[in-house]
Student: 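Have a look at the structure that comes next, please.
Computation of the quantities below employed the complete heavy-atom set of this structure, encompassing side-chain atoms and omitting hydrogens, waters and symmetry-equivalent molecules.
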Amino acid sequence: MIKELPSYIEAPVRTKLEMLITIVCKSLPESESPEIIFVSTSLGDGGVPNYPGIWIFTPKLAVEIRNPLNPNRIQHELVPFVKAVDWMRLSARKYEFEDVSEESQLQLEFTTKDGYSGELSASGQGCSDLMEIYRQRFLPHFLGTM
């Protein structure tokens, strides 16, 4: 399971994200401790990474922290996640689900039976982490038939 922030997130951003994750985790029910923490990344202008959100997965919840680097606002949503995913789309660019390069990009969009929609995105090394989350958290909770 992924419980630590990945090493490719640089120190100043890493410190801010860790503080935010600590604050949000204190607001969770006691029975819902984080099992997986994922930082969505995308490549901005000139290859500079953007961090549109953080996802925390507990035994029964998915928690999305939106715009985590906004210093004026903490916005997070808790979503029931056990057997709740009713639609998913996995999109890859320059990533073949095994070989990761700096240009690799992976995006996972989903909706739940309660109407919540979300998006996790990864670039570079984060693509492997997102594939692991897809396999461990999304496929087992998918309501469709396979």
Side-chain angles (χ1 to χ4, degrees), residues 1-95 100-144:
M1 299 288 179
I2 305 163
K3 286 190 176 184
E4 297 179 4
L5 295 184
S7 60
Y8 53 80
I9 296 176
E10 297 177 5
V13 171
R14 176 188 218 54
T15 302
K16 289 179 185 178
L17 297 181
E18 287 173 340
M19 287 181 0
L20 181 59
I21 290 167
T22 300
I23 291 168
V24 170
C25 286
K26 287 180 182 179
S27 72
L28 297 176
E30 286 184 30
S31 61
E32 296 300 312
S33 60
E35 293 181 331
I36 296 176
I37 296 173
F38 177 77
V39 179
S40 281
T41 58
S42 61
L43 295 177
D45 295 333
V48 176
N50 292 320
Y51 304 98
I54 300 171
W55 288 86
I56 300 169
F57 293 91
T58 73
K60 296 179 183 173
L61 300 171
V63 181
E64 179 185 15
I65 304 171
R66 295 185 181 181
N67 303 312
L69 296 180
N70 181 343
N72 300 318
R73 183 175 179 183
I74 297 174
Q75 180 183 3
H76 70 284
E77 296 184 44
L78 282 68
V79 180
F81 208 71
V82 175
K83 300 294 182 196
V85 179
D86 67 357
W87 176 85
M88 295 183 289
R89 177 186 302 155
L90 193 61
S91 306
R93 293 180 63 199
K94 298 184 181 181
Y95 176 60
V100 178
S101 71
E102 291 301 315
E103 295 85 32
S104 295
Q105 295 180 12
L106 187 63
Q107 181 179 40
L108 174 61
E109 300 168 84
F110 72 95
T111 59
T112 67
K113 65 183 179 184
D114 297 324
Y116 181 82
S117 63
E119 179 180 316
L120 292 83
S121 58
S123 58
Q125 297 172 351
C127 294
S128 297
D129 292 342
L130 183 50
M131 275 306 296
E132 183 178 337
I133 291 168
Y134 170 73
R135 289 180 180 128
Q136 290 182 5
R137 288 296 174 156
F138 283 84
L139 288 178
H141 294 292
F142 182 60
L143 296 172

Student: Just verifying a value: how many Å separate Phe138 CZ and Leu90 CG, rounded to the nearest 0.5 Å?
Tutor: 10.0 Å

Student: Mind checking the CG-CZ spacing from Leu130 to Arg135? Nearest 0.5 Å is all I need.
Tutor: 10.5 Å

Student: Please answer whether the main-chain N or O of Ser121 pairs with a side-chain N or O of Ser40 as donor and acceptor at a distance below 3.5 Å.
Tutor: yes

Student: May I ask you to decide if Val79's main-chain N or O and Lys60's side chain share a donor-acceptor pair within less than 3.5 Å?
Tutor: no

Student: What closest approach, in Å, do Pro68 and Ile54 show between heavy atoms, and which atom pair accounts for it?
Tutor: CB-CD1, 3.7 Å

Student: Checking Glu119 side chain against Gln107 main chain: does a donor-acceptor pair fall under 3.5 Å?
Tutor: no

Student: Once rounded to the nearest 0.5 Å, what's the spacing between atom CG of Leu5 and atom CD1 of Ile37?
Tutor: 6.5 Å

Student: Just how far is it from atom OG of Ser117 to atom CG of Asp86, taken to the nearest 0.5 Å?
Tutor: 10.5 Å

Student: Looking at side-chain heavy atoms only, is the closest gap between Glu35 and Pro59 below 4.5 Å?
Tutor: yes

Student: Testing the basics here: between Gly126 and Phe38, what is the closest heavy-atom pair and its distance to 0.1 Å?
Tutor: O-CE1, 4.0 Å

Student: Could you tell me if the side chain of Leu139 sits less than 4.5 Å from the side chain of Val85, heavy atoms only?
Tutor: no

Student: Give me the atom names and distance for the closest heavy-atom approach of Gln136 to Pro140.
Tutor: O-CG, 3.2 Å

Student: Please give me the minimum heavy-atom distance between Val100 and Ser128, naming the atom from each residue.
Tutor: CG2-OG, 3.2 Å

Student: Do Asn67 and Arg73 come close enough that some side-chain heavy atom pair is under 4.5 Å?
Tutor: no

Student: Any side-chain heavy atom of Tyr95 sitting closer than 4.5 Å to one from Ser123?
Tutor: no

Student: To check you understand the geometry: which heavy-atom pair defines the closest contact between Pro29 and Leu61, and what is its length?
Tutor: CD-CD1, 4.3 Å

Student: Is there a donor-acceptor pair closer than 3.5 Å between any side-chain N or O of Thr58 and the backbone N or O of Ser33?
Tutor: no

Student: Can you name the nearest heavy-atom pair linking Ser101 to Ser104, along with the distance?
Tutor: N-OG, 2.8 Å

Student: Can you confirm whether or not the ring centre of Trp55 sits under 6.0 Å from the ring centre of Phe110?
Tutor: yes

Student: Rounded to the nearest 0.5 Å, how far apart are CD1 of Ile65 and CD of Glu77?
Tutor: 11.5 Å

Student: Rounded to the nearest 0.5 Å, how far apart are CD of Glu109 and CG of Leu120?
Tutor: 10.5 Å

Student: Under a 3.5 Å distance rule, please check whether Arg137 uses its side chain to pair with a backbone N or O of Glu132 as donor and acceptor.
Tutor: no

